Amino acid sequence: MNKRLILLVSALLAGPALFADGGMWMIHLIDGALEKRMQERGLELSAGEIYNADAPGATVSDAVLSLGFYCTASVISDKGLVITNHHCAFSDISALSTKDNNLLENGFWALSEAEEIPVPGKKVYFLKRVLDVTDEVAETETALKERGERYGTRKLSSILEGKYSAATGLEASLASMWSGEKYYLALYEVYDDLRLVGAPPVAVASFGGDEDNWEWPQHKADFALYRIYKDGVPMNTPRHLKIASQAPKEGDFTMVTGYPGRTQRYTSSSHRVEYLQDVERPLTNRIRKGQMEIIRKWMDADPEVRMKYSDAFFSLSNVQEMQEGEVECFKRFNVAAEKRAEEAELSLWINRDNGRKARWGSMLRDFEAEYASISDIERQKACYRETMVRGTSVARTLLRMANNPATRDSLWNSALKELDPRVEKELLAFSMKEYFDGIDPSFIGDFQMETKARFGDDYAAMTDWLWERPEELMKMVTEVKITAFNDAEKHVADLTALRRDYANALYEMRLEKGVPQAPDANSTMRLSYGRICSLSPRDGVTCSWKTTVRGLREKWDPSKHDFALPEDFMEAIASYDGPVNFLSDNDITGGNSGSPVLNSRGELIGLAFDGNKESLASDVLYTPDYNRCVCVDIRYVLAILDSYAHLDRILKEVQ
């Protein structure tokens, strides 16, 4: 999934009137000005109908929930029925699959309530209220300082979250906005009995696979259904989203509510962008691409490997393609230059006031010096991380073995049952080659040096030898010279402080100018608004705002796993003539996956599931005119539930 906000300097200078509609606005801070802007765009609701903590069950936000703060979902019936993206449910569906019944490949439809499958460990979070605790945080921090106690973020969070949880019986979560300019505490009602109700086959849900990921056009039925249970029976949900009766059309108002994960629009300098663009991302993207090729080869050759590695491959490919596109967008949209222009404006503002000069006068120079000092060490760390730490699935087991000597044998034997040694050994050989070729010798551990001297560049032989000796393999993964990395920790701490200062200064400048500003995403509930619209990704190219079943037929290729739709599916949806997927220009990022896409009346018209490649710089810079949110149309979902899954009971429940 994908991102958006920091506004261009030209917009800053022009003032609020020329602002693009980018921004992930905090759900509880919809003031009169924001309400007016949305209504001018077509919204038919008031702010109080979107969020109102004093009217339980009466607002749109009451029907939107977080899936463990990694995805978003929404309630679509008064019996706890929840809809989200298939890729948000991917891990659950994979874990519930067996060799005899691969739910990922076959799909799953509970034809009765008794067939709904419990999902162990799953939690959902309903936002009940958000409190401004900025002053209370400052008072608590002062008291801790006076007592000589620690006063970091973790300590502050522990104190305030514990206090409000005890007082309300709700789960509390403290969040910092604009790097400490504001603190808000969210209170959640939590439910932990979630059951899988339905999911299409992955060939349908993820049609086009990673080839179409982050692209347009797409033709995915990216949805899955859960149900919330309370005390062993379906939860009586006080608020659910109504499914829109009218089909969407180009130009219609859209609103997305959800839990976007992370953006860095306030903390990223031009130096960080250049480091990511020129140093870290090229390294990590190349390594991950090689890992994907190995896993894909084995998945295509063996269905059992596909079942074991589908989840890992999906996560790997999603990140790799996103970060590859990010680099392309950094270059295409001159993001570093845009950030330098922002810094120039910020520098002028700082230097107009002696107090600001005393606080931030050296900040931008310090940024440049710190990145010059840390760039190479960070590249070394990235190389170690991408190869020895996460280069194989078995590496996680080896790291646990290093920390739990008493259970090493059982951990190793358990890993061998869950993984495929053929895949792991090839990934290990690839990772060791990349590690020894890419890292400075000063970081290589003694055992690693000895093993390299013994086998030279014969990484296949090195792998075979290590595989039969788990203790030595554990050393190979863990015995890097950590002290060499630790030498850079001061620089890391300095950069963290500089990023905080940068965010504070940027916030203060915009506040003084009267510029509306949404804080960086941080897994708190947000709202973005926009419209359904087409896309012109390149000069002379214009793409429609929607895709149809015709595109499924055009792409259908039984010889390719990612394009091999079941024949009975094609027959079932042959008569569907509405949109399959559609585009809006809503501002989203990771965590928004599964978010409801609503029309002007707050009715459900689709689910956000992806962004387009042209928007992939938007973690650090919003890109007007190119940013798009890719959505699955709710009518396509209903058509599948009707003609393919024959889930009449669900259709009756939601209509």
Side-chain angles (χ1 to χ4, degrees), residues 27 30 35 38-39 41-53 55-67 72-85 124 126-128 189 197-198 221-228 234-249 251-259 525-532 576 578-579 581-582 584 586 592 594-609 629 631-642 645 647-655:
I27 197 74
I30 306 175
E35 178 186 53
M38 289 194 292
Q39 289 173 344
R41 287 286 182 149
L43 177 67
E44 299 178 53
L45 303 178
S46 67
E49 292 174 289
I50 298 172
Y51 169 86
N52 186 343
T59 65
V60 167
S61 65
D62 292 316
V64 181
L65 55 99
S66 172
L67 287 176
T72 303
S74 53
V75 183
I76 55 173
S77 85
D78 59 3
K79 296 179 181 178
L81 188 67
V82 167
I83 191 167
T84 187
N85 286 158
V124 296
F126 285 90
L127 179 67
K128 308 306 292 183
E189 200 164 59
V197 175
D222 199 346
F223 78 94
L225 299 171
Y226 291 100
R227 192 183 302 280
I228 306 170
M235 177 184 173
N236 181 13
T237 38
R239 171 76 183 200
H240 66 274
L241 297 179
K242 180 182 177 182
I243 293 176
S245 58
Q246 296 181 352
K249 62 183 185 298
D252 281 357
F253 175 89
T254 53
M255 179 170 64
V256 171
T257 53
Y259 289 84
M525 186 183 274
R526 303 296 180 94
L527 171 150
S528 72
Y529 65 95
R531 69 195 191 287
I532 294 174
Y576 175 70
N581 296 158
F582 65 86
S584 75
N586 290 86
N592 271 125
S595 289
V597 184
L598 309 173
N599 64 15
S600 62
R601 296 177 294 280
E603 299 166 337
L604 184 65
I605 59 172
L607 305 176
F609 73 83
C629 170
C631 316
V632 57
D633 193 290
I634 195 63
R635 272 148 294 279
Y636 184 49
V637 172
L638 296 178
I640 292 172
L641 295 178
D642 181 13
L647 278 183
D648 295 341
R649 72 183 187 100
I650 298 299
L651 291 170
K652 291 178 182 177
E653 185 177 336
V654 301
Q655 293 178 338

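Since we're looking at a predicted model, the values are computed, not measured.
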Minimal non-hydrogen separation, [X] against [Y], with atom names:
| X | Y | value |
| --- | --- | --- |
| Arg601 | Leu45 | O-CD2, 3.7 Å |
| Leu607 | Gly594 | CD2-O, 4.0 Å |
| Gly606 | Leu604 | O-CD1, 3.3 Å |
| Met38 | Phe253 | O-CE1, 3.7 Å |

Gap between atom [atom2] of [Y] and atom [atom1] of [X] - 0.5 Å precision:
| X | Y | atom1 | atom2 | result |
| --- | --- | --- | --- | --- |
| Arg227 | Ile650 | CZ | CD1 | 5.0 Å |
| Gln246 | Glu603 | CD | CD | 8.0 Å |
| Leu641 | Ile83 | CG | CD1 | 7.5 Å |
| Glu49 | Leu43 | CD | CG | 8.5 Å |
| Ile228 | Asn236 | CD1 | CG | 11.5 Å |
| Thr59 | Ile27 | OG1 | CD1 | 8.0 Å |

Partner of Pro596 by side chain to side chain contact (heavy atoms under 4.5 Å, CB included), out of Thr72, Val256, Ile605: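 Option passing the side chain to side chain contact (heavy atoms under 4.5 Å, CB included) with Pro596: Thr72.
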Ala47: side chain to side chain contact (heavy atoms under 4.5 Å, CB included) partners, not counting sequence neighbours: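 Expected list: Ile30, Glu35.
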By side chain to side chain contact (heavy atoms under 4.5 Å, CB included) - contacts of Ala221 (at least two apart):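 Once residues adjacent in sequence are excluded, the partners of Ala221 under the side chain to side chain contact (heavy atoms under 4.5 Å, CB included) criterion are Val204, Phe223, Tyr636, Ile640.
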Report the residues that fulfil side-chain hydrogen bond (donor to acceptor under 3.5 Å, both in side chains) with [X], sequence neighbours left out, ordered by chain and then residue number.
| X | value |
| --- | --- |
| Ser74 | none |
| Tyr51 | none |
| Ser600 | Glu44 |
| Gln39 | none |

If the condition is ring-ring contact (aromatic ring centres under 6.0 Å, His included), which residues does [X] pass it with, not counting sequence neighbours?
| X | value |
| --- | --- |
| Tyr259 | Phe69 |
| Tyr226 | none |
| Phe126 | Tyr191 |

Any donor-acceptor pair under 3.5 Å from Asn85 side chain to Asp222 backbone: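 Side chain of Asn85 to backbone of Asp222: a pair is present.
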Under 3.5 Å donor-acceptor, Arg531 side chain and Gly251 backbone: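 No; judged by distance alone, with no hydrogens or angles, the pair does not exist.
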Contacts of type salt bridge (Lys or Arg N to Asp or Glu O under 4.0 Å), residue Arg635, not counting sequence neighbours: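 Result, salt bridge (Lys or Arg N to Asp or Glu O under 4.0 Å) vs Arg635: Asp633.
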Non-neighbouring partners of Asp62 that pass salt bridge (Lys or Arg N to Asp or Glu O under 4.0 Å), sequence neighbours left out: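 With neighbours one apart ignored, the set is empty.
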Under 3.5 Å side-chain donor-acceptor pair for Thr254 and Asn586: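 Per modelled atom types, Thr254 and Asn586 side chains form a pair under 3.5 Å.
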When the side chains of residues 75-82 are checked against the rest of the protein, which donor-acceptor pairs come out under 3.5 Å, sequence neighbours left out?
residue	atom	partner	partner atom	Å
Ser77	OG	Lys79	N	3.0
Ser77	OG	Leu81	N	3.4
Ser77	OG	Glu653	OE2	2.6

Contact check, side chains of Cys631 and Ser584, non-hydrogen atoms, under 4.5 Å: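 Side chain of Cys631 against side chain of Ser584, heavy atoms only: contact under 4.5 Å found.
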Stepwise side-chain contact (heavy atoms from CB on, under 4.5 Å) check, Leu527 with Met255: CA-CA 7 Å; Leu527 171 150; Met255 179 170 64; 3.3 Å; yes
